[in-house]
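This report refers to the structure that appears directly beneath it.
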Protein chains: 2
Amino acid sequence: MRSAAAGNRVACAGEVTGTPRGELMQIGQVAERTGLSLRTIRFYEENGLVLPTARSEGGFRLYSQDDVARLDVIKRMKPLGFSLEEMQELLGLLTELDSDDGDRAQLLDRLRMFHEAATARVTALRDQLAVAEGFAGSLAAHLDSRR
Amino acid sequence: MRSAAAGNRVACAGEVTGTPRGELMQIGQVAERTGLSLRTIRFYEENGLVLPTARSEGGFRLYSQDDVARLDVIKRMKPLGFSLEEMQELLGLLTELDSDDGDRAQLLDRLRMFHEAATARVTALRDQLAVAEGFAGSLAAHLDSRR
DNA sequence: GAACTCGTCCCTCACGTCAGGGTTGGGCGA
DNA sequence: TCGCCCAACCCTGACGTGAGGGACGAGTTC
């Protein structure tokens with residue numbers, strides 16, 4: 001299905017491979033880079049998580065390198081089981097901290113709460129892992145005894 | 001919410017604590033024991049995972065010790081991310097193996113496949129945990145540097 | 001009569017999937 | 001050089017799914 005060769009953009013002079021910095025890419029390329037599905041990327045936009053930097057004349061979404069970075073952050077957050085709403089808040093928090101304009105102390109406080117939630121989720125994940133390992137082990141035991 | 005004290009069954013003579021073996025309990029007690037919600041237990045029944053051993057005259061679900069054991073198995077499977085359908089199959093498999101009647105070799109083969117799937121899910125969980133730890137760590141780093 | 005349970009209904013979340021149509025840009029004929 | 005075609009890509013909108021959550025009015029049990 002995915003025919004990578006049939007790109008509709010000819011390589012410019014000096015361009016070696018992939019998309020050069022400063023260029024915008026459309027959703028398919030972003031999906032390839034991030035490993036997210038088109039639907040997922042659009043869904044994140046619907047929910048205000050990552051808005052494409054631009055749109056083409058005809059309405060195609062055009063993403064910058066920064067947009068892709070945001071998507072990567074989301075991808076790294078996912079195993080923590082945060083809701084989209086929480087991810088949105090955290091993303092906003094991080095960009096606000098980068099461009100210092102808000103109430104620094106309050107921002108850091110909120111960030112600390114996220115960190116607490118994250119570590120809590122990590123221990124929950126560890127517990128889940130232990131249960132999972134236990135179950136897999138008991139399956140193995142069943143197999144051994146019934147051989 | 002969960003009022004443990006308000007049991008609607010009076011203790012019989014000779015009964016010290018909890019529900020004695022051989023007795024049936026209704027859904028609330030089962031929920032307490034398993035840590036599953038009433039809704040979840042009913043949902044599992046709807047999907048053929050755990051049917052109550054009996055019903056009261058008036059239609060209350062009545063569960064045996066074995067039923068509770070099945071629910072516990074499900075609870076232990078959950079972190080592996082199996083679907084309800086898969087859990088149903090695995091439960092059936094196990095009971096078929098206990099009461100030996102079917103094609104033993106084939107049953108064991110299917111069990112082996114479950115074991116493989118389980119170990120695969122375990123490694124996936126480990127990966128997720130690693131990502132989660134990484135993210136939590138980067139949050140901590142952010143906090144440190146912005147202090 | 002208080003606590004418990006029943007079945008039924010709609011709600012949520014994070015997407016998947018389908019349908020039907022529009023856009024992009026290279027290539028080709030004229 | 002202009003126009004058109006075509007494949008590949010993309011759009012919106014709507015409905016479906018999995019695993020339950022929550023509420024409700026009525027019935028049951030003790």
Side-chain angles (χ1 to χ4, degrees), chain A residues 1-12 19 23-52 54-63 71 74-75 77-88 128, chain B residues 1-12 15 19 23-52 54-63 71 74-75 77-89 128:
Chain A
M1 317 259 155
R2 208 133 298 184
S3 65
N8 49 2
R9 207 180 57 82
V10 169
C12 307
T19 303
E23 290 254 345
L24 299 177
M25 46 191 148
Q26 48 192 58
I27 197 169
Q29 291 177 279
V30 175
E32 233 173 301
R33 259 149 227 258
T34 58
L36 300 168
S37 75
L38 304 196
R39 181 65 181 95
T40 298
I41 296 173
R42 289 192 198 115
F43 181 70
Y44 288 164
E45 180 187 351
E46 270 176 56
N47 289 271
L49 286 182
V50 179
L51 310 173
R55 289 267 188 162
S56 75
E57 288 280 300
F60 283 22
R61 291 170 177 80
L62 298 173
Y63 294 90
L71 285 170
I74 294 175
K75 224 193 150 191
M77 274 195 243
K78 265 172 55 176
L80 287 168
F82 286 135
S83 72
L84 292 195
E85 212 177 336
E86 290 170 313
M87 293 198 206
Q88 188 176 10
Q128 277 191 47
Chain B
M1 330 256 150
R2 212 132 297 184
S3 66
N8 50 2
R9 208 181 56 83
V10 171
C12 308
E15 180 180 336
T19 304
E23 290 256 344
L24 299 177
M25 45 192 147
Q26 49 193 58
I27 197 169
Q29 292 176 279
V30 174
E32 236 175 296
R33 260 151 226 259
T34 58
L36 299 168
S37 74
L38 304 197
R39 183 68 182 87
T40 298
I41 296 173
R42 288 197 269 253
F43 181 70
Y44 288 166
E45 181 186 348
E46 270 176 58
N47 288 271
L49 286 182
V50 179
L51 310 172
R55 289 269 188 162
S56 76
E57 287 281 299
F60 282 24
R61 292 169 177 81
L62 298 174
Y63 294 90
L71 285 170
I74 294 174
K75 224 192 151 193
M77 275 195 244
K78 266 174 48 177
L80 287 168
F82 285 135
S83 72
L84 293 197
E85 211 177 337
E86 291 168 314
M87 294 199 207
Q88 187 177 12
E89 198 193 332
Q128 276 192 47

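Small disclaimer: the values here were computed from a predicted structure and weren't measured. Here is the naming used below: chain letters follow the sequence lines, and residue numbers restart at 1 for every chain. Hydrogens, waters and symmetry mates are skipped; everything else that's a heavy atom, side chains included, is used.
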Numerically ordered, the residues 45-52 of chain B set in heavy-atom contact under 4.0 Å with DNA chain C is none
Starting at CZ of Arg55(B) and ending at P of dT29(D), how long is that distance when rounded to a whole Å?
12 Å
Shortest side-chain distance from Ser56(A), nucleotide among dC11(D), dG7(C), dT23(C)
dT23(C)
Pairs: protein N or O with nucleotides 2-4 of chain D N or O, under 3.5 Å:
none

What integer distance in Å separates Phe60(A):CZ from dG21(C):C1'?
12 Å
Is the shortest side-chain heavy-atom distance between Lys78(B) and Gln128(A) below 4.5 Å?
no
Reported CG-to-CD1 distance for the pair Leu49(A) and Ile74(A), which is rounded to 0.5 angstrom
4.5 Å
Say you draw a straight line from CG of Leu38(B) to CD of Glu32(B); how long is it, rounded to the nearest 0.5 Å?
10.0 Å
If you measure from CD on Glu46(B) to CG on Leu51(B), what distance do you get to the nearest 0.5 Å?
11.5 Å
Would you list the protein and nucleotides 17-21 of chain D atom pairs, both N or O, that sit under 3.5 Å from each other?
from    : atom 1 : to       : atom 2 : distance (Å)
dG20(D) : OP2    : Tyr44(B) : OH     : 2.9
dG21(D) : OP2    : Ser37(B) : OG     : 2.7
dG21(D) : OP2    : Thr40(B) : OG1    : 3.0
dG21(D) : N7     : Arg39(B) : NE     : 3.3
dG21(D) : O6     : Arg39(B) : NH2    : 3.3

In this structure, how many angstroms lie between the P atom of dA14(C) and the CD1 atom of Ile74(A), rounded?
11 Å
Only counting residues at least two apart or in another chain, list the ones meeting side chain to side chain donor-acceptor pair (under 3.5 Å) with Thr34(A).
none
Please give, in whole Å, the distance from dC6(C) C1' to Leu62(B) CG?
13 Å
How would you list, by chain and number, every residue that makes a side-chain contact (heavy atoms from CB on, under 4.5 Å) with Leu62(B), sequence neighbours excluded?
Leu24(B), Gln26(B), Ala54(B), Ser56(B)
Quick one: Leu24(B) CG to dT5(C) P, roughly how many Å, whole number?
14 Å
Whether Arg61(B) contacts dT5(C) is assessed here as follows: a side-chain N or O lying under 4.0 Å from the phosphate OP1 or OP2. Is that the case?
no
Looking at dC11(D), dC9(D), dC6(C), which one has an atom nearest to any side-chain atom of Gln26(A)?
dC9(D)
When rounded to whole Å, the CE to C1' distance for the pair Met25(B) and dC30(D) reads 19 Å
Can you tell me how far CD of Glu45(B) sits from CD1 of Ile27(B), rounded to the nearest 0.5 angstrom?
7.5 Å
Calculate the interatomic distance between Arg42(B) atom CZ and dG22(D) atom P; express it in whole Å.
13 Å
By ring pair (Phe, Tyr, Trp, His ring centres under 6.0 Å) - contacts of Phe82(B) (at least two apart):
Phe114(B)
Value in whole Å for how far the C1' atom of dG22(D) lies from CD1 of Ile41(B)
16 Å
